Amino acid sequence: MKKFGVVAIVGSPNAGKSTLLNNLVGVKISIVSPKVQTTRSTMKGICVKGDSQIVFMDTPGIFRPQKKLEKTIVKHAWSGAHNADVILLIIDSTKGITENDEMIIKSISKEEVPCYVALNKVDKIKKDKLFNMAEKLAEFNVFKEIFMISAQTGERVDVLTDILFDSMPEGEWQFSEDEMTDAPMKFIAQEFTREQIFLLLDKELPYNMAVETDKWEVDENGKTIIYQTIYVIKDSQKAIVLGKGGSMIKKIGMNSRKNIQKLLDGPVHLQLFIKIKENWVEIPDLCL
Ligand SMILES: Nc1nc2c(ncn2[C@@H]2O[C@H](COP(=O)(O)OP(=O)(O)OP(=O)(O)O)[C@@H](O)[C@H]2O)c(=O)[nH]1
Ligand SMILES: [Mg+2]
């Protein structure tokens with residue numbers, strides 16, 4: 001009998017949700033950075049084991065939103081959780097169980113689906129601290145199981161997936177066996193460029209930027225030609241994205257192109273443009 005289910009990966013910003021999704025799928029599809037609020041919308045990763053298929057949903061970090069874009073981001077995260085058969089909470093064990101984590105635990109305890117929790121980044125923390133945290137988590141009486149994993153190294157991720165695959169409800173698969181996501185390549189490619197903005201630009205700057213793929217074509221030699229626009233809010237930001245003599249935009253483009261090439265497994269030409277659009281945060285297609 002076939003099994004199928006959706007697992008929402010939720011948690012505080014920067015907990016390692018996207019890193020885990022990439023590890024589960026085995027291919028980089030979701031962007032990762034040391035900054036909070038890297039993920040702005042949900043990203044599905046599809047995995048198969050035996051008769052079971054799981055759609056893992058990487059969601060944006062949940063926090064108390066202040067600004068308009070933040071409210072949209074958090075709304076997306078919760079809509080991911082509401083549509084799931086199972087909720088998997090990821091906690092950054094190096095930070096301990098924070099107030100924000102507790103706020104999330106209270107909210108997910110109201111959802112009528114099984115909840116699991118994983119203490120992540122165990123490669124960076126002493127075992128005794130982990131056991132204290134696990135005890136604290138058990139006291140909430142919310143979780144069916146508490147895992148200790150490293151999404152980065154893959155340590156004990158198989159323990160978690162074995163249990164999740166077993167716990168899926170019976171049902172027809174909704175994707176073919178070789179599909180890894182339903183996200184269009186166009187979208188993942190623009191996310192890869194946004195990732196470089198997060199990795200290469202300082203502090204608040206990346207939060208004021210969005211990326212959109214304008215054109216995507218394959219030439220006669222099989223090379224994929226991609227045109228993308230980076231939207232910024234003001235002139236001074238445009239200058240920073242350009243960098244001295246265009247050095248920054250060149251670096252962003254080069255790194256992003258490498259990741260897109262890996263994903264497509266073929267040659268890519270990536271052309272980046274910058275546009276000032278004060279109100280891009282108001283445009284749903286751009287802010288997500
Ligand atoms: N040492 C270590 N670092 C990790 C691990 N998992 C994630 N990280 C790092 O933690 C940072 C955040 O990872 P992300 O996967 O982007 O976190 P996220 O939960 O998706 O963050 P948002 O999208 O902002 O909510 C990155 O610098 C990752 O490299 C881990 O298991 N061990
Ligand atoms: Mg993320």
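Heads up: numbering here begins at 1 and tracks the sequence. Ligands are counted one by one from 1 in listed order, and the atoms in each one are counted from 1 as well. These numbers were taken from a predicted model, which means no experiment stands behind them.
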Can you tell me the protein heavy atom closest to [atom] and the distance?
{"atom": "atom 21 (O) of ligand 1", "value": "Asn14 N, 3.0 Å"}
{"atom": "atom 10 (O) of ligand 1", "value": "Lys121 NZ, 3.0 Å"}
{"atom": "atom 26 (C) of ligand 1", "value": "Ser33 O, 3.5 Å"}
{"atom": "atom 15 (O) of ligand 1", "value": "Thr19 OG1, 2.6 Å"}
{"atom": "atom 23 (O) of ligand 1", "value": "Thr39 OG1, 2.8 Å"}
{"atom": "atom 29 (O) of ligand 1", "value": "Gln152 OE1, 3.1 Å"}

I'd like to check which ligand 1 atoms, numbered from 1 as shown, lie under 4.0 Å from a non-hydrogen atom of [X].
{"X": "Val32", "value": "13 (O), 14 (P), 15 (O), 16 (O), 26 (C), 28 (C), 29 (O)"}
{"X": "Asn120", "value": "5 (C), 6 (N), 31 (O)"}
{"X": "Gln37", "value": "24 (O)"}
{"X": "Pro13", "value": "25 (O)"}
{"X": "Lys124", "value": "1 (N)"}
{"X": "Pro34", "value": "27 (O)"}
{"X": "Ser150", "value": "30 (C), 31 (O), 32 (N)"}

Mind checking whether [X] has an N or O less than 3.5 Å away from an N or O of ligand 1?
{"X": "Val36", "result": "no"}
{"X": "Ser18", "result": "yes"}
{"X": "Lys17", "result": "yes"}
{"X": "Gly61", "result": "yes"}
{"X": "Asp123", "result": "yes"}
{"X": "Val122", "result": "no"}
{"X": "Gly16", "result": "yes"}
{"X": "Thr59", "result": "no"}

What closest approach, in Å, do Phe140 and Lys136 show between heavy atoms, and which atom pair accounts for it?
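Closest approach of Phe140 to Lys136: CD1-O, 3.4 Å.
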Nearest atoms (heavy-atom pairs only) where Ala15 meets Ile90
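Shortest heavy-atom separation between Ala15 and Ile90 comes out as CB-O, 3.5 Å.
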Would a distance-only check, ignoring hydrogens and angles, find a side-chain to backbone donor-acceptor pair under 3.5 Å from [X] to [Y]?
{"X": "Asp51", "Y": "Lys3", "answer": "no"}
{"X": "Gln196", "Y": "Thr193", "answer": "no"}
{"X": "Gln228", "Y": "Ala189", "answer": "yes"}
{"X": "Asp85", "Y": "Val6", "answer": "yes"}
{"X": "Ser247", "Y": "Lys244", "answer": "yes"}

Closer than 4.0 angstrom, basic N to acidic O: yes or no for Glu212 and Lys275?
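No salt bridge links Glu212 with Lys275.
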Assess Gly11 for proximity to ligand 1: is some non-hydrogen atom of it under 4.0 Å away?
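No heavy atom of Gly11 comes that close to ligand 1.
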Would you please indicate yes or no on a ring centroid separation below 6.0 angstrom for Phe273 and Tyr231?
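No, they do not, as the ring centres are separated by 6.0 Å or more.
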What class does the angle between the rings of Phe165 and Phe56 fall in, given that below 30° is parallel, 30 to 60° is tilted and above 60° is perpendicular?
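Rings of Phe165 and Phe56: perpendicular, as their planes differ by over 60°.
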With sequence neighbours excluded, what pairs up with Ser176 under the side chain to side chain donor-acceptor pair (under 3.5 Å) test?
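Scan of Ser176 (side chain to side chain donor-acceptor pair (under 3.5 Å), adjacent residues dropped) gives Asp178, Glu179.
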Could you tell me whether any N, O or S atom belonging to Thr19 is less than 2.8 Å from the Mg ion (ligand 2)?
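No, Thr19 does not qualify, because none of its backbone or side-chain N, O or S atoms lies under 2.8 Å.
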Please state whether the separation between the Mg ion (ligand 2) and some N/O/S atom of Ser30 is under 2.8 Å?
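So Ser30 does not bind the Mg ion (ligand 2) by this criterion.
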Kindly determine whether Ile91 and Val117 satisfy side-chain contact (heavy atoms from CB on, under 4.5 Å), including the steps that lead there.
CA-CA 7 Å; Ile91 289 180; Val117 60; 3.9 Å; yes
Run the side-chain contact (heavy atoms from CB on, under 4.5 Å) test on Ile46 and Ile54 for me, step by step, so that the C-alpha distance in whole Å, both residues' side-chain angles and the decisive distance to 0.1 Å come before the verdict.
CA-CA 6 Å; Ile46 303 154; Ile54 300 184; over 6 Å; no
Is a donor from one side chain sitting under 3.5 angstrom from an acceptor on the other, for Thr19 and Gln152?
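Short answer, no.
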